[in-house]
Undergrad: 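Here it is, the structure, as structure tokens.
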Amino acid sequence: MDINAILAERFPFLNTSLLHARIAWSIRLRWVAVVGFFLATLSARFLVDLPLPYEAIWKTLLTLFFLNLAYYIILKIVKTFSFFAELVFLTFHILIDLVILTYIVHLTGGIENPIYLFYIFHVVLSSILLPRWLPYIIATIVFFLFTVLVYSEHTGLIYHYSIFESASHKNEVLNYLTLVIFTITVYFSSYICTNFMHIFRDSKRQIDHLYDQLQKADQQKTQFFQYASHELKSPIIAIKASIDGVLSSFGDQLQEKPYNVLKRASVRSEQMLDIIRELLDLTRNRSIILSNHLEKVDVIKALNEVIQNESATAESNNIEIIFNCAFSELFLNGKEDDFQKLFNNLIGNALRYNKPGGKVYINVKLENKLLLIEISDTGIGISPEDKNKIFTEFYRAENARKKISFGTGLGLSIVKQIAENYNGQILVESDILKGSTFKLTFPIQ
């Protein structure tokens, strides 16, 4: 198994893009640290006049500046690291920072300067991002670096830069106590963070496992719908064709009662076929994988065709369709049939659930590289309770059921699925008895 795949499996909270972002974040933080520390030492020299080797400090900060610049350039040039390379790069970051921090602690007072607590930042960062045993190695490196520094200054192996004009670095009890507390803090911080991350990673694995099971169950449901719809379609078509054939050939010979029974059977079978078609559309759209060879679809043309097809329904209910668009044509990558279904559902609903003498407004515009299509009506509206449920499969709002008793509740779920297949989004704004506005947005390439 590939090492990148193994690491990705062991760290479900991490991925290459997130690690890349963390490295970029640490680079930005390092710029702040360099500038902040430079200003702090500048103030210490001219305002407090601490006896420190400022030139050595500033040379170290300059080294860190150029090192960080190198990190920045590498990150800009190499945009795609592997998961393993990202982890190695981040570990290298931490180790170099620890060495530089140790040298800066030495130059700014050693054990007398509480900036040695900055070691904890790197211990916490390594505990969150690195494998479970590596944070303890980082903690051990921190302990080793700080202990060597304190011991070397205590024994005189290296010069001690005093900031308080005291010999606290010579005090064995103080050194021992500081090292003990520092060591406990470092290892305890690493222990707490790694254990929390272990719990989080286990939780993520369980969530992923449950999500996979849910996806499989959903896929099985989709396959069942697809199979059942396909198998039911043929016999219902045959039944309807037989009924319509009888009505066509012998309808004038039948008495009123059997004629009405057959007529209702024909209508119901047509409604059943509509349900099956919508089920097939839904399952097809849910399982679709868009290819790179999509056709150019003229969205304006598709809208005009749907408006033309629905004009008879609009006229019969005295509903005016107002189409506002500044474009004669506008193309999106996709399949014409998908956009036809989408517009058919939305414009058809705007007409069916409108009031006699009402209006339907269709507005098309471009905003911030997005195609925005708004379809508004002056109809029955949607209640606040129903607004969050109308895109759910088989759901129909109560006022919609009262106005039109028969319906599948699949139309808007199909619309939502088609929109998402093309990286689009659909939102709804509505007031009961005042009308609804459905807003479709698609990214423009």
Side-chain angles (χ1 to χ4, degrees), residues 1-26 79-91 94 123-139 187-230 279-292 388-395 409-410 412-426:
M1 192 175 183
D2 184 19
I3 187 169
N4 291 297
I6 295 172
L7 289 170
E9 185 179 348
R10 291 193 62 184
F11 302 102
F13 278 115
L14 293 178
N15 53 48
T16 304
S17 60
L18 182 59
L19 280 172
H20 202 76
R22 291 304 88 196
I23 293 172
W25 170 79
S26 68
K79 294 184 180 294
T80 53
F81 284 100
S82 67
F83 192 90
F84 177 73
E86 295 278 3
L87 277 178
V88 170
F89 195 35
L90 192 59
T91 305
I94 293 172
V123 170
V124 171
L125 180 64
S126 65
S127 300
I128 292 172
L129 295 177
L130 300 179
R132 192 167 183 177
W133 52 270
L134 264 180
Y136 291 109
I137 293 179
I138 297 295
Y187 280 102
F188 197 60
S189 298
S190 184
Y191 173 78
I192 291 174
C193 291
T194 51
N195 273 276
F196 268 116
M197 288 309 299
H198 179 67
I199 293 170
F200 291 153
R201 285 166 186 152
D202 281 347
S203 300
K204 181 63 164 57
R205 289 188 188 97
Q206 291 177 18
I207 291 169
D208 286 344
H209 177 66
L210 292 173
Y211 178 75
D212 288 340
Q213 289 183 322
L214 184 63
Q215 289 286 89
K216 288 177 182 176
D218 189 63
Q219 187 178 11
Q220 289 173 352
K221 183 184 77 171
T222 299
Q223 289 172 346
F224 170 76
F225 280 157
Q226 202 164 20
Y227 174 78
S229 301
H230 186 268
L279 276 172
L280 285 170
D281 286 341
L282 180 67
T283 54
R284 190 180 299 115
N285 287 319
R286 290 179 66 174
S287 60
I288 191 172
I289 299 175
L290 295 177
S291 68
N292 294 324
N388 296 326
K389 303 175 184 176
I390 57 172
F391 296 107
T392 306
E393 295 165 17
F394 304 106
Y395 183 83
L410 289 172
L412 289 177
S413 62
I414 292 172
V415 166
K416 185 174 186 290
Q417 191 65 55
I418 292 174
E420 290 177 349
N421 282 345
Y422 294 105
N423 299 317
Q425 188 179 23
I426 183 164

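Treat the numbers as computed from the prediction; the structure is a model and nothing was measured.
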Undergrad: Does atom CZ of Phe188 have more than 12 heavy-atom neighbours from other groups under 6.0 Å away?
TA: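 Count not over threshold, so no.
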Undergrad: If you measure from CD1 on Ile414 to CD on Gln417, what distance do you get to the nearest 0.5 Å?
TA: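 Ile414 CD1 to Gln417 CD: 9.5 Å, rounded to 0.5 Å.
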Undergrad: Who are the side-chain hydrogen bond (donor to acceptor under 3.5 Å, both in side chains) partners of Thr194, not counting sequence neighbours?
TA: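 Listed in chain order: Tyr136.
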Undergrad: So which atom in Ala139 and which in Val123 form the shortest heavy-atom distance, rounded to 0.1 Å?
TA: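 In this case the closest contact between Ala139 and Val123 is CA-CG2, 4.5 Å.
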Undergrad: With Val124, which residues qualify under side chain to side chain contact (heavy atoms under 4.5 Å, CB included), at least two apart?
TA: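 Here the qualifying residues are Ile120, Ile128, Cys193.
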Undergrad: I need the minimum non-hydrogen distance between Met197 and Ser127, along with the two atoms involved.
TA: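 So the two residues come closest at CG-O, 3.7 Å.
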Undergrad: Enter the distance from Ser413:OG to Tyr395:OH here, rounded to the nearest 0.5 Å.
TA: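 Answer rounded to 0.5 Å: 13.5 Å.
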Undergrad: In Å, rounded to the nearest 0.5 Å, how long is the span from CD1 of Ile94 to CG of Leu125?
TA: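 With rounding to 0.5 Å, CD1 (Ile94) is 4.5 Å from CG (Leu125).
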Undergrad: How many angstroms lie between atom OG1 of Thr392 and atom CG of Leu412, to the nearest 0.5 angstrom?
TA: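 Separation between the atoms: 10.0 Å.
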Undergrad: So, using side chain to side chain contact (heavy atoms under 4.5 Å, CB included) as the criterion, who are the partners of Ile426 when residues are at least two apart?
TA: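 Scan of Ile426 (side chain to side chain contact (heavy atoms under 4.5 Å, CB included), adjacent residues dropped) gives Leu346, Phe391, Val415, Lys416, Phe438, Leu440.
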